[in-house]
Amino acid sequence: MADVAEPQRQALLPINQAAALKLRQAGVPETDGIQPVFRLMAWGIVQDKRRRYQDIAHELDLLSHSPDQAGALDYLVANVPGGLKEAVRTVLRLGPRYAARALL
């Protein structure tokens with residue numbers, strides 16, 4: 001049985017809070033069940049008119065709908081240059097579109 005509090009814990013992680021802030025700045029409505037970091041990345045793919053990130057759209061969809069959201073987030077940030085703290089700083093420093101691109 002899944003831990004009911006797990007989605008709330010995931011939402012409180014700094015990377016998700018930074019992503020939620022960027023989504024609000026972009027006027028993107030809230031979506032239950034998908035972590036903000038994944039939603040920001042998906043929004044970035046949709047906004048990319050040159051289609052540079054289409055090849056990762058399927059993998060992002062799998063991660064964002066994984067039953068193991070903690071594991072999905074760990075997988076996402078495992079190879080982030082500078083680590084998770086640097087990713088949070090980068091997202092906070094940039095506007096929504098560039099923050100999404102930085103995560104992609």
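For the residue pair Pro36 and Leu23, the shortest heavy atom distance occurs at O-CD1, 3.7 Å. When every heavy atom of Asp68 is checked against every heavy atom of Gly71, the shortest pair comes out as OD1-N, 2.9 Å. Listed here is the closest heavy atom pair of Ile34 and Ser64: CG2-CB, 3.8 Å. A pairwise comparison of heavy atoms in Leu73 and Phe38 identifies N-CZ, 4.0 Å as the closest pair.
Leu92 and Trp43 fall within the same hydrophobic cluster, defined by Ile, Leu, Val, Met, Phe, Trp and Tyr side-chain heavy atoms under 4.5 Å apart, directly or through other members.
Of the possible donor and acceptor atoms, one in the side chain of Thr90 sits under 3.5 Å from a partner among the backbone N and O of Glu86.
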With side chain to side chain contact (heavy atoms under 4.5 Å, CB included) as the criterion, how do Val28 and Leu40 come out once you've worked through the C-alpha distance, each side chain's angles and the decisive distance to 0.1 Å? CA-CA 9 Å; Val28 178; Leu40 181 60; over 6 Å; no
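Going from atom OH of Tyr75 over to atom CG of Leu62 covers 10.0 Å, rounded to the nearest 0.5 Å. Atom CZ of residue Arg89 and atom CG of residue Leu84 lie 10.0 Å apart, to the nearest 0.5 angstrom. Distance check, rounded to the nearest 0.5 Å: CG of Leu63 to CG of Leu60 gives 6.5 Å. Between Asp55 atom CG and Ile45 atom CD1 the span is 8.5 Å, to the nearest 0.5 Å.
Within the 4.5 Å cutoff, the side chain of Met41 has heavy atoms near those of the Leu76 side chain.
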Return all side-chain donor-acceptor pairs below 3.5 angstrom for residues 94-104, not counting sequence neighbours, or 'none' if the list is empty.
residue, atom, partner, partner atom, Å
Arg97, NH2, Gln47, OE1, 3.0

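Evaluation of the side-chain hydrogen bond (donor to acceptor under 3.5 Å, both in side chains) test over residues 15-28, restricted to residues two or more places apart or in two chains, returns Asn16-Gln35, Lys22-Gln25.
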